[in-house]
Amino acid sequence: MATSTVPAAIDALLVILRTAPELSGVRVFDGPPTDDMAGPDFVAVGWQPEGEEAPAITQDFNAAGARTRDEEFDLLCWAESWTGDRSVSARRVRAFELLAVVEQAIRASGAQPEAPTLGGVVLWSHLTGATLRQMFTQDGTRVGIAFTVSCRARI
């Protein structure tokens, strides 16, 4: 019996994003980027820059009898675009395109009715917040979006 669905939820979200056709060519990291971040676009699951936070988990019994528990947690993630140019607008548009792909990938559709459950790992998941960050560096403009995928599960 698992004590938390967090590891399986992260793994499931990684699979969903790595197989999304719209993210073809976009690096999808498990946690912090482990190689050169100089590529044009990437998405990180379970990591945000300057953040040491891991998912905060809350659990409680879902009914009398203490047989199962409900679990809620937020997966902190990051989507970033960079090309080395100075165009803030182009990078911002691309960062929001990446975020839109993530949001669509976990939204229920006719082709993917189980998407919000991360393939049955959680009861539901959805994009619940985002913060735009625009940075000028000596190597060009970077635009990132810190975002949260909130989940509820039964264990």
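By the 4.0 Å N-to-carboxylate-O rule, Asp41 lies close enough to Arg94 to be salt-bridged with it. Between Asp70 and Arg152 there is a salt bridge, since a side-chain N of the basic residue sits under 4.0 Å from a carboxylate O of the acidic one. Using a 4.0 Å cut-off between charged nitrogen and carboxylate oxygen, Arg142 and Glu80 count as a salt-bridge pair.
In this structure, Gln59 contributes its side chain and Thr3 its backbone to a donor-acceptor pair below 3.5 Å. A distance-only check finds a donor-acceptor pair linking the side chain of Gln48 to the backbone of Cys77 [under 3.5 Å]. Trp124 places no side-chain N or O within 3.5 Å of a backbone atom of Ser150 that could act as its donor or acceptor partner. Using a distance-only test at 3.5 Å, with no hydrogens or angles considered, a donor-acceptor pair links the side chain of Thr137 to the main chain of Gly140. One N or O on the side chain of Arg18 and one on the backbone of Val28 form a donor-acceptor pair closer than 3.5 Å.
Rounded to the nearest 0.5 Å, atoms OG1 (Thr83) and CG (Asp139) are 11.5 Å apart. Between atom CG of residue Leu118 and atom CG of residue Asp11 there is a gap of 11.0 Å, rounded to the nearest 0.5 Å. Atom-to-atom distance recorded for Glu71:CD and Ile155:CD1 is 4.5 Å, nearest 0.5 angstrom. Atom CD of Glu22 sits about 11.0 Å away from atom CD of Glu97, to the nearest 0.5 Å. Distance CG/Asp74 to OG1/Thr58: 8.5 Å, rounded to 0.5 Å. Distance check: Gln104 CD to Ile16 CD1 gives 13.0 Å after rounding to the nearest 0.5 Å.
Linking ILVMFWY residues whenever their side-chain heavy atoms come closer than 4.5 Å, directly or via other members, places Leu23 and Ile10 in the same cluster. In the hydrophobic cluster analysis, where Ile, Leu, Val, Met, Phe, Trp and Tyr join through side-chain heavy atoms closer than 4.5 angstrom, Leu99 is grouped apart from Trp78. In terms of hydrophobic clustering, with Ile, Leu, Val, Met, Phe, Trp and Tyr side chains grouped at heavy-atom distances under 4.5 Å, Val102 and Leu76 are assigned to different clusters.
The aromatic rings of Phe42 and Trp47 sit tilted, their planes meeting at an angle between 30° and 60°.
The side-chain heavy atoms of Phe96 and Leu132, taken from C-beta on, include a pair separated by under 4.5 Å. The shortest side-chain heavy-atom distance between Ile145 and Leu98 does not fall under the 4.5 Å cut-off. Side chains of Trp82 and Pro40 form no contact here, defined as non-hydrogen atoms less than 4.5 Å apart. Contact check for Arg133 versus Pro49: side-chain heavy atoms found under the 4.5 Å cut-off. The shortest distance between side-chain heavy atoms of Leu14 and Phe29 does not fall below 4.5 Å. Under the 4.5 Å side-chain criterion, counting only non-hydrogen atoms from C-beta, Leu13 is in contact with Leu75. Taking the side chain as every heavy atom from C-beta outward, Val149 and Ile106 approach each other to under 4.5 Å.
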Original post:
Given the rule in the side chain to side chain contact (heavy atoms under 4.5 Å, CB included) test, do Phe73 and Val122 qualify, once you have shown the distances and angles that lead to the verdict?
Top reply: CA-CA 10 Å; Phe73 54 91; Val122 298; 4.1 Å; yes
Original post:
So Thr148 and Leu127, side chain to side chain contact (heavy atoms under 4.5 Å, CB included) or not? Walk me through it.
Top reply: CA-CA 6 Å; Thr148 303; Leu127 188 80; over 6 Å; no
Subject >> Criterion side chain to side chain contact (heavy atoms under 4.5 Å, CB included) on Asp85 and Arg91, from CA distance to verdict >> reply: CA-CA 9 Å; Asp85 62 23; Arg91 294 308 96 224; 4.0 Å; yes
Original post:
Run the side chain to side chain contact (heavy atoms under 4.5 Å, CB included) check on Thr117 and Leu123 step by step: do they pass?
Top reply: CA-CA 5 Å; Thr117 69; Leu123 296 173; over 6 Å; no
